[in-house]
Amino acid sequence: VDKTFTNQEVDLILKTSNLSKWYNKTLKYIFIKPRTTKEISNYLKRSDLDLTSQEQIINKLTRYKYLDDEAYIEQFMTESMDKCLGRNYVIHTLEKLGISHFLINNYIDSYNEKDLVEKLTAKYQKIEYTLISLPIIKQKLILTQKMALKGILTTTIQEVLDNIDFSEN
């Protein structure tokens, strides 16, 4: 083909190619694990793309539902409940991931503390073997610390401790 390209055409081809390359790299990054919009924005800031191109990629990913902060919150909350992680942990982690306070507040009320109390009570009902020989007050302190590190609310910790019968251990 004997076609020659102008500098503008070459620049457009290179820009389009680079945009496509970064779109595909970003898709691979999302396929590793779900990501928030803020995480993708930070990822693209490390690229050589201009701000408009970064926004184009984010908009396209959002349009095709590869980026959906609300779905991310729902999935994260479900996984956090399964892992017996507390409300404070969930809020703090979502904030660190760049989720807006507005979205967090819309969903955090569905984080059922009663279910969490039941799961934690079942988990800690059988006191760990290493704790049995300790005085009850020490057992409670250790369990309190474990739950606090997981972002469990103080009222929830107290409810779990009240549900455990330490006298049988």
Side-chain angles (χ1 to χ4, degrees), residues 1-124 144-157 159-160:
V1 179
D2 292 332
K3 178 160 170 80
T4 56
F5 294 100
T6 66
N7 286 341
Q8 289 175 331
E9 290 173 321
V10 170
D11 288 344
L12 180 62
I13 290 169
L14 290 174
K15 183 177 179 179
T16 304
S17 173
N18 196 32
L19 185 66
S20 178
K21 175 185 89 170
W22 276 100
Y23 178 78
N24 289 327
K25 284 178 90 169
T26 305
L27 270 178
K28 287 178 186 175
Y29 185 62
I30 290 173
F31 288 154
I32 293 170
K33 73 176 196 95
R35 308 284 180 173
T36 65
T37 304
K38 180 70 173 175
E39 286 178 292
I40 296 303
S41 176
N42 290 340
Y43 177 74
L44 290 172
K45 284 179 184 173
R46 297 183 299 219
S47 72
D48 56 354
L49 295 171
D50 58 53
L51 192 56
T52 304
S53 297
Q54 293 175 27
E55 289 173 0
Q56 283 177 321
I57 290 174
I58 288 173
N59 289 338
K60 187 174 182 181
L61 292 169
T62 302
R63 187 171 59 249
Y64 290 118
K65 300 289 186 200
Y66 291 115
L67 272 183
D68 183 347
D69 284 349
E70 291 186 31
Y72 185 93
I73 292 171
E74 289 175 6
Q75 180 181 349
F76 185 81
M77 286 178 53
T78 299
E79 290 172 2
S80 295
M81 180 63 77
D82 291 343
K83 294 176 184 176
C84 295
L85 300 172
R87 183 184 188 104
N88 289 340
Y89 175 88
V90 171
I91 291 169
H92 178 70
T93 303
L94 290 173
E95 286 173 346
K96 276 186 8 185
L97 293 170
I99 303 288
S100 73
H101 293 285
F102 175 76
L103 277 180
I104 294 171
N105 289 336
N106 282 349
Y107 284 89
I108 199 64
D109 287 338
S110 66
Y111 202 75
N112 192 329
E113 289 292 322
K114 285 185 179 184
D115 288 346
L116 185 60
V117 167
E118 288 176 15
K119 287 178 184 253
L120 287 167
T121 300
K123 179 177 180 174
Y124 292 120
T144 298
Q145 290 170 341
K146 285 183 177 195
M147 288 186 271
L149 286 173
K150 292 184 175 194
I152 310 291
L153 297 173
T154 309
T155 54
T156 304
I157 293 172
E159 195 171 340
V160 170

Side chain to side chain contact (heavy atoms under 4.5 Å, CB included) assessment of Tyr124 paired with Lys146: CA-CA 10 Å; Tyr124 292 120; Lys146 285 183 177 195; 3.9 Å; yes

Apply side chain to side chain contact (heavy atoms under 4.5 Å, CB included) to residues Lys150 and Met147 and explain how you reach the verdict. CA-CA 5 Å; Lys150 292 184 175 194; Met147 288 186 271; 5.7 Å; no

Just do the side chain to side chain contact (heavy atoms under 4.5 Å, CB included) check on Thr62 and Asp68 with the steps written out, would you? CA-CA 6 Å; Thr62 302; Asp68 183 347; over 6 Å; no

Salt bridge (Lys or Arg N to Asp or Glu O under 4.0 Å), that's the test. Do Asp109 and Arg87 meet it? Break it down for me. CA-CA 9 Å; Asp109 287 338; Arg87 183 184 188 104; 3.4 Å; yes

Does Ser53 form a side-chain hydrogen bond (donor to acceptor under 3.5 Å, both in side chains) with Asp50? I'd like the steps, not just the answer. CA-CA 5 Å; Ser53 297; Asp50 58 53; 3.0 Å; yes

Check step by step if side chain to side chain contact (heavy atoms under 4.5 Å, CB included) holds for Leu61 and Leu27. CA-CA 8 Å; Leu61 292 169; Leu27 270 178; 3.7 Å; yes

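To the nearest 0.5 angstrom, Glu113 atom CD is 12.0 Å from Glu118 atom CD. For the atom pair CG (Asp48) and CZ (Arg46), the distance works out to 13.0 Å, reported to the nearest 0.5 Å. Between the CE atom in Met77 and the CG atom in Leu85 there is a gap of 12.0 Å [rounded to 0.5 Å]. The structure places CD1 of Ile57 at 11.0 Å from CG of Leu67, a figure rounded to the nearest 0.5 Å. Once rounded to the nearest 0.5 Å, the distance linking CD of Glu159 with CD1 of Ile152 reads 12.0 Å. The structure places NZ of Lys83 at 14.0 Å from CG of Leu116, a figure rounded to the nearest 0.5 Å.
Using a distance-only test at 3.5 Å, with no hydrogens or angles considered, a donor-acceptor pair links the side chain of Thr121 to the main chain of Val117. Remark: the backbone N or O of Ser20 is paired with a side-chain donor or acceptor of Asn24 at under 3.5 angstrom. A donor-acceptor pair under 3.5 Å links the side-chain atoms of Asp69 to the main chain of Thr37, judged by distance alone. In this structure, the side chain of Thr26 engages the main chain of Trp22 through a donor-acceptor pair within 3.5 Å. With hydrogens and angles ignored, the 3.5 Å screen pairs no side-chain donor or acceptor of Ser17 with any backbone N or O of Ile13. With hydrogens and angles disregarded, a donor-acceptor distance shorter than 3.5 Å links the side chain of Thr36 to the backbone of Leu97. Remark: side-chain polar atoms of Glu95 are not paired, donor with acceptor, to backbone N or O of Ser100 under 3.5 angstrom.
Counting heavy atoms from C-beta on, the side chains of Glu55 and Lys60 never come closer than 4.5 Å. Side chains of Leu12 and Thr16 form a contact here, defined as non-hydrogen atoms less than 4.5 Å apart.
The shortest non-hydrogen separation linking Ser41 to Gln54 is O-OE1, 4.4 Å. Asp82 approaches Lys119 most closely through the heavy-atom pair OD1-NZ, 3.7 Å.
Other residues, nucleotides and ligands place more than 12 heavy atoms under 6.0 Å from the CZ atom of Phe31. Dense packing is recorded around NZ of Lys33, with more than 12 heavy atoms of other residues, nucleotides or ligands lying under 6.0 Å away. For NZ of Lys38, the number of neighbouring non-hydrogen atoms (other residues, nucleotides, ligands) closer than 6.0 Å is 12 at most. With a 6.0 Å radius and a threshold of 12 heavy atoms from other residues, nucleotides or ligands, Asn105 has its CG atom above the threshold.
By the 6.0 Å and 45° rule, Arg35 stacks over the aromatic ring of Tyr29.
Not counting sequence neighbours, the partners of Phe76 by the side chain to side chain contact (heavy atoms under 4.5 Å, CB included) test are Tyr72, Ser80, Tyr89, Val90, Thr93, Leu94.
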